There are 2 protein chains.
Amino acid sequence: MQPLRSLGQRAGLTHARVLAAARELLAESGFEALTMRSLALRLDVSPNALYSHVESKTALIDDVLDDVLSEVKTPESDVEDASAGLHAIMASTHEVLLAHADLVPLFLARQGARGPNAQELGEIVLTLLALEGVDGPRAREALRVLIVYTIGFTAFATQAPLMPMDQQQPSTGELAMNFDSGLRWLLNGIAAPN
Amino acid sequence: MQPLRSLGQRAGLTHARVLAAARELLAESGFEALTMRSLALRLDVSPNALYSHVESKTALIDDVLDDVLSEVKTPESDVEDASAGLHAIMASTHEVLLAHADLVPLFLARQGARGPNAQELGEIVLTLLALEGVDGPRAREALRVLIVYTIGFTAFATQAPLMPMDQQQPSTGELAMNFDSGLRWLLNGIAAPN
DNA sequence: ACCTGAACACCGTTCAAGT
DNA sequence: ACCTGAACACCGTTCAAGT
């Protein structure tokens, strides 16, 4: 049921409406169903009308990716335990990505998001690392490893069998524990003196 | 320079020739240039002729992915230091993937390869883990983490800026050291008693 | 069995024209 | 400024026909 439009009224497209429609389409039908044409159909405009509000499909996808990161829960700034804070923020990122599994291949194809939300999350992680005494190039190393691990794990956890020798697919709960194991290994390594 | 064909002679396509041509095209022009039509042009046949030797483009890509894994150097089976062996096999995988950067997005999109070479590599890693006293579900956890980390890191290391706060792109050497750092953290965690 | 020409059912994007 | 119809330059894949 499309919202009705009175005669002569403009479609009233905005960047925000296009973005919202894209996220709905992704959530309902996956990222293969997200075409400029299907998006236009849903918004009741012709395909090329989208280009008044979006530079390209790639730019739209970048906006969608950054948008979803706004859902990540960040720890309070007066956190007492930096290590627990790091665990929490990465675990929340993992949860958000899992909840939007269809987006994960796009994160990978685009090598993560690079919009304002991604930037803010990165800075929070760097702050927590500094509280642990990790800074400079070593902090950037740690951040890179944490991002790679979190996005990568989500990608492999969602969809499809992931290892050839997986006779039976691990359950969602098992995968969540698996994610936590690796994350702890990494955080221990990062916090270790050398 | 296409190999000349005498009049009346058949193209003589085989699965192997299609696969080789696909890898050449990938190496020369990247994976966006790999279309069934460009592949057909290179092989001097019509596009639909490929379907006599390949089930679909996806199946072809799966074959390419597994094929490249044959280049990974595996440690001798009489390895004395299991931990060093694990480091070596993952580092070699990393190198092979880096050398075929164009394939990495495909590995991610397909969640790793699942052909015979991928299977063999997985089993070697499990054997090395067993030598370290890690087996059962914990070994499968470890394997999953190692695969995710290695493919994920390569994906983020190749191409594009990867973090918003990267003022200047890290050099290839820095990224290689970064990969090693994270890998050591993981291997330490995996080997730790608990 | 293997290849061809032609076509089907799509894509993202651009362009000229309307309001 | 924003939208439309039409078109451009592609895709992967299928089908009927030839050898």
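Letters go in sequence order (proteins before strands), and every chain restarts at 1. Here the structure is a predicted model, which means the values were calculated and not measured.
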Asks: Under 3.5 Å, side chain of A/S38 to main-chain N/O of A/T35, donor-acceptor pair present?
Replies: yes
Asks: Using a 3.5 Å limit for the pairing distances, which stems of at least 3 consecutive Watson-Crick or G-U wobble pairs does DNA chain C take part in?
Replies: C:4-8 with D:12-16, C:12-16 with D:4-8
Asks: Tell me: CG of B/L43 to C1' of C/dT4, nearest whole Å?
Replies: 16 Å
Asks: Set out, line by line, the N/O atom pairs under 3.5 Å between protein and nucleotides 14-17 of chain C.
Replies:
residue, atom, partner, partner atom, Å
C/dT14, O4, A/N48, ND2, 3.4
C/dC15, N4, A/N48, ND2, 3.4

Asks: Which whole-number value in Å describes the distance from A/D44 CG to D/dC3 P?
Replies: 12 Å
Asks: Please write out the pairs of protein N or O atoms and N or O atoms of nucleotides 9-11 of chain C separated by less than 3.5 Å, giving the distance to one decimal.
Replies:
none

Asks: What side-chain hydrogen bond (donor to acceptor under 3.5 Å, both in side chains) pairs are there with at least one residue in residues 91-101 of chain A, not counting sequence neighbours?
Replies: A/E71-A/H100
Asks: If every non-hydrogen atom of A/M90 is compared with every non-hydrogen atom of A/F179, which pair is closest and at what distance?
Replies: O-CZ, 4.0 Å
Asks: So, is A/H53 close to the D/dC3 phosphate, meaning a side-chain N or O under 4.0 Å from OP1 or OP2?
Replies: yes
Asks: Do the side chain of A/S70 and the main chain of A/D66 share a donor and acceptor less than 3.5 angstrom apart?
Replies: no
Asks: Side-chain N or O of B/S46 versus OP1/OP2 of C/dT4: is the shortest distance under 4.0 Å?
Replies: yes
Asks: With a 3.5 Å distance limit and no angle check, can you tell me whether B/R138 reaches the backbone of B/I190 through a side-chain donor-acceptor pair?
Replies: yes
Asks: Using the side-chain contact (heavy atoms from CB on, under 4.5 Å) criterion, which residues pair with B/T14? Sequence neighbours excluded.
Replies: B/A16, B/R17
Asks: Counting N and O atoms only, with roles assigned by atom type, does the side chain of B/W185 sit under 3.5 Å from a partner on the main chain of A/L186, one being a donor and the other an acceptor?
Replies: no
Asks: Check for a donor-acceptor pair, side chain of A/E174 on one end and backbone N or O of A/S171 on the other, with a separation under 3.5 Å.
Replies: yes
Asks: In a table with atom names and distances, give each donor-acceptor pair under 3.5 Å that connects a side chain of residues 24-33 of chain A to protein atoms at least two apart or in another chain.
Replies:
residue, atom, partner, partner atom, Å
A/E24, OE1, A/R42, NH1, 2.5
A/E28, OE1, A/R42, NH2, 2.5
A/E28, OE2, A/R42, NH2, 3.3

Asks: What's the spacing between A/L175 CG and A/D180 CG if we round to 0.5 Å?
Replies: 11.5 Å
